[in-house]
Visitor: 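The structure is given below, and queries will be raised subsequently.
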Amino acid sequence: MRVDIVSIFPDYFAPLDLSLIGKARGTGLLDLSVHDLRTWTSDVHRTVDDTPYGGGPGMVMRPEPWAAALDAVASPAAQLIVPSPAGRPFTQADAHELAELPHLIFACGRYEGIDQRVLDEAAARMPVREVSLGDYVLFGGEVAVIVIMEAVTRLLPGVLGNADSLTEESHAAGLLEAPVYTKPASWRDRAVPEVLRSGDHGRIARWRRTESLLRTAARRPDMFAAYPPESLDKFDRAA
Ligand SMILES: N#Cc1c(-c2ccc3cc[nH]c3c2)n[nH]c1N
């Protein structure tokens, strides 16, 4: 997968050299380039913003540098991902969709956002997705891109040592994951649930599923409501 990130704060993406993302880059699973938007400015002050038409607070990112940057990094297979508080909620399903794509371009906005014409013009030549991480407001798109990059990269074949991790985790099957435990069997007078130490894999699977359903019902009623009712027949806590 090829990824191009355009930002006025390219140093924000140093964390993408670490951990499994850094390993994916080193092994060639991920071809990641980070670009400074100011590369595509033409004035001595390297200006990327200006006052908003219609008035209002703050500044808006100028179209010209963005157009030149997207022209420089685009490819016939590219999709443009633009983090925005006004975007559609980014979900695990989106992460799976993006992980299948050959080339992602991330546009990191700042200030009050990017001139809308940049997105409209880009949409004439590539798919454009405006996405939001949640109902809160960040300073810009960089943190959102780091989050999205982690969610997507871990789905790439060969990045996670054990692909089985992807099947049981939260949101993988529309449920929150069950509680996890490790040694010691008793810690500060708190024991690991007996079923997990039983060796009975059928019981363990039923217990985990029940705990997932209980957690999802308690913490994410929206997810629980969307869970197929025919799948609830195994709702058996007496695992
Ligand atoms: N994704 C996302 C965002 C943002 C965000 C994204 C881009 C810019 C550019 C200026 N301010 C921004 C905030 N805030 N909250 C989210 N869930």
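Computation of the quantities below employed the complete heavy-atom set of this structure, encompassing side-chain atoms and omitting hydrogens, waters and symmetry-equivalent molecules. All ligand and atom numbering here is 1-based and tracks the order in the structure.
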Visitor: Quick one: CZ on Phe106 to CG on Leu32, what's the gap to the nearest 0.5 Å?
Guide: 9.0 Å

Visitor: Has Arg62 got a side-chain atom pairing as donor or acceptor with Asp49's backbone, closer than 3.5 angstrom?
Guide: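 The answer is no, because no donor-acceptor pair under 3.5 Å joins these two groups.
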
Visitor: List every atom of ligand 1 that sits less than 4.0 Å from any heavy atom of Phe139, numbering the atoms from 1 in the order shown and giving each element.
Guide: 10 (C), 11 (N)

Visitor: Is the closest N or O pair between Glu112 and ligand 1 shorter than 3.5 Å?
Guide: no

Visitor: So which heavy atom in the protein is nearest atom 12 (C) of ligand 1, and how far is it from that ligand atom?
Guide: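 Checked against all protein heavy atoms, atom 12 (C) of ligand 1 sits closest to Gly140 CA, 3.6 Å.
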
Visitor: Got a donor-acceptor contact below 3.5 angstrom from the Ser198 side chain to the Asp200 backbone?
Guide: yes

Visitor: Go through ligand 1 atom by atom and flag the ones less than 4.0 Å from a non-hydrogen atom of Leu133.
Guide: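 With Leu133 as reference, the close atoms of ligand 1 come out as 1 (N), 2 (C), 17 (N).
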
Visitor: By number and element, which atoms of ligand 1 are closer than 4.0 Å to a non-hydrogen atom of Ala144?
Guide: 1 (N)

Visitor: Does only the side chain of Cys108 get under 4.0 Å from ligand 1, or the backbone, or both, or neither? Count heavy atoms.
Guide: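 For Cys108, there is no contact with ligand 1 at all, from either part.
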
Visitor: Quick one: which of Phe90, Tyr136, Tyr111 has a heavy atom closest to atom 10 (C) of ligand 1?
Guide: Tyr111

Visitor: Pick whichever of Pro85, Gly58, Pro89, Gly141 has a heavy atom sitting closest to atom 4 (C) of ligand 1.
Guide: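 Considering heavy atoms of Pro85, Gly58, Pro89, Gly141, the nearest to atom 4 (C) of ligand 1 sits in Pro85.
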
Visitor: Show which atoms of ligand 1 fall inside a sub-4.0 Å distance from at least one heavy-atom site of Arg110.
Guide: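 Listed by number with element, the hits are 9 (C), 10 (C).
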
Visitor: So is there a nitrogen or oxygen of Gly109 less than 3.5 Å from a nitrogen or oxygen in ligand 1?
Guide: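 So ligand 1 has no N or O lying under 3.5 Å from an N or O of Gly109.
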
Visitor: Distance from Met1 atom CE to Leu156 atom CG, nearest 0.5 Å?
Guide: 5.0 Å

Visitor: Closest by any non-hydrogen atom to atom 1 (N) of ligand 1: pick that one out of Val131, Val145, Val137.
Guide: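 Answer by nearest heavy atom: Val131.
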
Visitor: Which heavy atom in Ser132 sits nearest to a heavy atom in Gly87, and how many Å separate them?
Guide: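 Between these two residues, the closest heavy atoms are CB-O, 3.5 Å.
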
Visitor: Is it the side chain, the backbone, both or neither of Ser132 that has a heavy atom closer than 4.0 Å to ligand 1?
Guide: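 Both of them.
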
Visitor: Specify the protein heavy atom at minimum distance from atom 13 (C) of ligand 1: its residue, its atom name, and the distance to 0.1 Å.
Guide: Leu138 O, 3.4 Å

Visitor: Are the side chains of Trp66 and Leu119 in contact, using a 4.5 Å heavy-atom criterion?
Guide: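 They are not in contact (no side-chain heavy atoms under 4.5 Å apart), so the answer is no.
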
Visitor: To the nearest 0.5 Å, what is the distance between OG1 (Thr153) and CD1 (Ile21)?
Guide: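 CD1 of Ile21 is found 4.5 Å from OG1 of Thr153.
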
Visitor: As an exercise, identify every atom of ligand 1 less than 4.0 angstrom from a heavy atom of Pro83.
Guide: 1 (N), 6 (C), 7 (C)

Visitor: With rounding to the nearest 0.5 Å, note down the distance linking CZ in Phe9 to CG in Asp11.
Guide: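 If we round to the nearest 0.5 Å, Phe9:CZ and Asp11:CG are 10.0 Å apart.
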
Visitor: Working to the nearest 0.5 angstrom, can you tell me the gap between Lys23 NZ and Leu18 CG?
Guide: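 It is 14.5 Å, given to the nearest 0.5 Å.
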
